[in-house]
2 protein chains.
Amino acid sequence: MRRRLPPLNALLAFEAAARHENLTRAARDLDVAQPAITRHVANLEDWVGSDLFHRSGNAVALTPLGHELTRDIAVAFDRLELAFARIARTRQNELLIGASFGITHLWLMPQITALRDAAGGAAINFVTSERYADFEREPVDLSIRFGTGDWPGKRADLLFTEKTSIIASPEFVTRHPELSQPDPTPHLRAEWLLEHGDPHGYGWMTWQRWFAHHGVPDPVGGDLPGVANYPTLLDMVRCGEGIALGYEGLDDALVEGGQIMRVGRTVHRPGLGYYLLSDAGGGVSPRVDELRGFLTGSAGGVREGG
Amino acid sequence: MRRRLPPLNALLAFEAAARHENLTRAARDLDVAQPAITRHVANLEDWVGSDLFHRSGNAVALTPLGHELTRDIAVAFDRLELAFARIARTRQNELLIGASFGITHLWLMPQITALRDAAGGAAINFVTSERYADFEREPVDLSIRFGTGDWPGKRADLLFTEKTSIIASPEFVTRHPELSQPDPTPHLRAEWLLEHGDPHGYGWMTWQRWFAHHGVPDPVGGDLPGVANYPTLLDMVRCGEGIALGYEGLDDALVEGGQIMRVGRTVHRPGLGYYLLSDAGGGVSPRVDELRGFLTGSAGGVREGG
DNA sequence: TCTTAGCATAAACTAAATTTATGGCAGAAT
DNA sequence: ATTCTGCCATAAATTTAGTTTATGCTAAGA
């Protein structure tokens with residue numbers, strides 16, 4: 001198994017040149033003289049066998065091929081940077097966890113003390129974002145994501161499977177008796193619906209999907225304006241501003257406290273749920289293993305379909 | 001935005017050394033003398049600030065840190081290799097599509113001629129595997145995967161949302177009248193059930209999930225032995241060897257031909273489905289764009305919830 | 001037309017990578 | 001025990017790849 005790779009330093013120079021679309025600036029960026037870049041780029045073009053830049057006298061512009069390569073090279077370099085950034089943090093006994101606002105505030109924060117204990121002295125930091133792609137850009141040791149469990153190259157441990165139901169404040173339900181029917185879905189009105197923002201790409205349950213699943217025509221024409229994060233959404237429901245889709249595991253505290261209630265039948269989409277992602281290899285930092293064990297245990301050791 | 005990366009050639013040497021856990025063989029692998037490797041590894045260890053190998057006189061063994069780094073570095077190099085492999089194929093006017101056996105045989109092959117036309121002269125090749133992770137190891141231009149649409153760094157176009165139902169041969173149904181009931185799920189017997197192999201990780205509908213979704217106790221204790229691929233599964237159902245879960249879009253031909261029939265209610269898990277994956281940047285090869293356009297169109301231009 | 005920004009080329013130079021040569025350590029074989 | 005073998009480390013010599021300095025050319029803008 002012998003690798004077939006171009007000269008790596010040429011890649012570095014090319015990537016910088018592509019980033020700036022300007023060889024001189026790339027040279028400044030990398031702290032070398034301009035002809036060094038010229039040479040590296042020419043070298044790479046030679047290796048590839050095609051031009052990566054169009055030349056027009058005093059300027060360069062990426063060819064389509066150059067564009068494609070740049071993306072792939074940048075991704076590879078990003079990975080390397082991340083890997084080294086993460087081990088640097090590990091040696092400082094820090095742990096970074098990535099999760100959405102909802103998971104962070106509604107599930108991680110309430111058990112923060114136990115979490116710190118489980119991490120055995122490591123400092124735990126969070127990076128919260130509604131865009132899971134962001135976790136690929138941070139040196140996270142663990143992250144929590146919604147999906148099917150299919151993340152190539154990652155270990156994925158199931159935390160909870162998705163179980164959703166309509167949630168509303170008790171006042172809202174008494175004001176609208178149709179919500180107390182066995183299946184309130186056909187009676188929902190567009191103006192009641194509150195949505196968690198831009199979740200289509202992750203397969204989260206949306207109102208659109210809710211109606212599709214129930215075979216009921218969607219009372220909303222297109223997309224609903226989304227609330228920025230899930231805790232805010234729950235707050236709005238609590239205050240009676242409308243109804244939303246509640247996730248078991250995230251709305252439990254409010255339900256048990258009687259501030260919101262679930263109406264109608266709970267929908268279970270088995271195969272979908274929140275997963276705890278970590279590095280596939282495992283065994284790197286015992287801290288990570290401990291924390292993973294604690295978190296999966298804390299989720300109730302839920303098994304699929306359970 | 002200045003990158004903070006270790007000397008790249010040192011990474012190359014280290015990765016080879018780690019792969020072999022033997023500096024001498026790494027040197028042979030890279031066609032250099034052994035001390036070159038020693039030097040590079042020492043160099044990298046210096047940069048990182050920790051040992052990556054344990055030394056014991058005449059042998060080396062990776063430290064945990066070394067292991068972790070190796071994985072990450074290898075992934076990054078794999079990406080680079082793939083990127084260059086792909087552009088090499090592109091220049092030979094070849095297109096590579098990755099898909100499961102089921103998708104390949106039941107959906108792509110029947111429209112192969114149109115496909116070739118859409119690709120405008122490019123040679124189309126397929127890599128079929130039931131393990132989606134394999135597509136990360138091949139220089140595919142397009143791939144078809146089941147999931148939520150959340151693939152960071154990739155463009156994902158929805159082909160079909162998941163709609164599943166129980167399928168059986170007409171003979172099987174007449175032999176077992178309970179299958180003709182409005183909801184046959186509670187009456188299914190464990191010995192009838194045929195399963196598509198090892199699909200848990202992708203969120204595919206399995207019998208376990210089917211029963212969980214219907215709130216019916218699973219008649220099977222644990223896992224069912226899986227049939228290796230979906231076309232075979234359909235064949236077995238057609239021959240009356242049992243019943244299975246049929247995917248709309250894949251079993252259509254057999255259903256329309258009357259060789260199998262769907263019984264009971266179709267389950268729609270909106271948010272899950274087959275997606276066409278391509279490079280996020282786009283615009284690289286016009287062939288790819290054309291083919292993507294053709295395929296999404298061929299899937300009926302299904303929109304979510306439709 | 002002149003100026004400016006930017007790339008290419010050539011030749012000189014430098015530093016980094018590599019090799020050759022050698023020594024030492026550990027485990028296997030005698 | 002002793003020898004042999006495989007393997008890593010170190011040092012000094014050497015090569016090559018990367019880099020710089022110097023310069024010329026091109027196109028766009030003042």
Side-chain angles (χ1 to χ4, degrees), chain A residues 2-63 65-67 69-70 73 77 80, chain B residues 2-63 65-67 69-70 73 77 80:
Chain A
R2 176 90 153 281
R3 293 195 176 276
R4 177 146 186 78
L5 286 172
L8 296 178
N9 290 328
L11 292 187
L12 204 59
F14 167 70
E15 195 265 344
R19 197 144 31 86
H20 296 282
E21 286 216 325
N22 179 317
L23 306 200
T24 307
R25 253 177 263 165
R28 272 200 283 273
D29 189 343
L30 298 182
D31 255 330
V32 295
Q34 168 257 313
I37 306 291
T38 302
R39 210 172 183 297
H40 275 307
V41 169
N43 194 1
L44 185 61
E45 287 180 319
D46 208 49
W47 194 91
V48 170
S50 325
D51 282 359
L52 303 176
F53 284 108
H54 291 299
R55 271 84 167 172
S56 75
N58 70 342
V60 291
L62 282 167
T63 60
L65 190 66
H67 255 117
L69 265 185
T70 304
I73 295 171
F77 283 161
L80 286 178
Chain B
R2 176 92 153 281
R3 293 194 176 277
R4 175 147 189 77
L5 287 171
L8 296 178
N9 289 327
L11 292 186
L12 202 60
F14 168 70
E15 196 266 344
R19 196 144 32 83
H20 295 282
E21 285 217 325
N22 179 318
L23 306 200
T24 306
R25 254 178 263 165
R28 272 200 284 274
D29 189 342
L30 298 182
D31 256 328
V32 294
Q34 167 258 313
I37 306 292
T38 302
R39 209 172 183 299
H40 274 308
V41 170
N43 194 0
L44 185 60
E45 287 179 319
D46 209 48
W47 194 91
V48 170
S50 327
D51 282 359
L52 302 174
F53 283 109
H54 291 299
R55 270 83 167 175
S56 75
N58 70 340
V60 291
L62 281 167
T63 60
L65 189 68
H67 255 116
L69 264 185
T70 303
I73 294 170
F77 282 162
L80 286 178

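Quick note on labels: first sequence line is chain A, next is B, and so on, each numbered from 1.
Distance CD (A:Gln34) to C1' (C:dT9): 10 Å, rounded to an integer number of Å. Between the CZ atom of B:Arg39 and the P atom of D:dA12 there is a distance of 13 Å, rounded to whole Å. For the pair A:His20 NE2 and C:dA5 P, the computed distance is 18 Å after rounding to whole Å. Rounding to whole angstrom units, CD of residue A:Glu45 and P of C:dC7 are separated by 13 Å. Across the protein-nucleic acid pair, A:Leu62 atom CG and C:dC7 atom C1' stand 15 Å apart, rounded to whole Å. Atom pair A:Leu30:CG and D:dT20:P shows a separation of 11 Å (rounding to whole Å applied). Spacing between atom CG of A:Leu11 and atom C1' of D:dG18 amounts to 15 Å, rounded to whole angstrom units. Straight-line distance from the NE2 atom of B:His40 to the P atom of C:dA17: 6 Å, rounded to whole Å.
For the pair A:Thr38 and C:dA8, the criterion of a side-chain N or O lying under 4.0 Å from OP1 or OP2 is met. Side-chain N/O atoms of B:Arg25 include one lying less than 4.0 angstrom from OP1 or OP2 on D:dC7.
Residues A:Asn43 and B:Arg55 each lie close to DNA chain D; by heavy-atom proximity, the contact nearer the 5' end of the strand is made by B:Arg55. Remark on DNA chain D: of its neighbouring residues A:Pro7 and B:Leu23, the 5'-side contact belongs to B:Leu23, judged by nearest-heavy-atom nucleotide. Both B:Ser56 and A:Val60 lie near DNA chain C, and the one whose nearest nucleotide falls closer to the 5' end is A:Val60.
At a threshold of 4.0 angstrom between heavy atoms, the contacts of B:Asn22 are confined to the sugar-phosphate backbone, with no base atom among them. Within the 4.0 angstrom heavy-atom criterion, base atoms lie near B:Pro35.
No side-chain heavy atom of A:Leu44 sits less than 4.5 Å from a side-chain heavy atom of A:His40. The shortest side-chain heavy-atom distance between B:Pro7 and B:Asn43 falls under the 4.5 Å cut-off. Residues B:Leu8 and A:Phe77 meet the side-chain proximity criterion, which asks for heavy atoms closer than 4.5 Å. A 4.5 Å side-chain heavy-atom check between A:Phe14 and A:Leu62 finds at least one atom pair inside the cut-off. When side chains are defined from C-beta on, B:Val48 does not count as touching B:Pro6, because their heavy atoms never get closer than 4.5 Å.
Across D:dT26, C:dC7, C:dT18, the shortest atom-to-atom separation from the side chain of A:Asn58 is found for D:dT26. Closest to the side chain of A:Thr24, out of D:dA9, D:dC7, C:dG6, is C:dG6.
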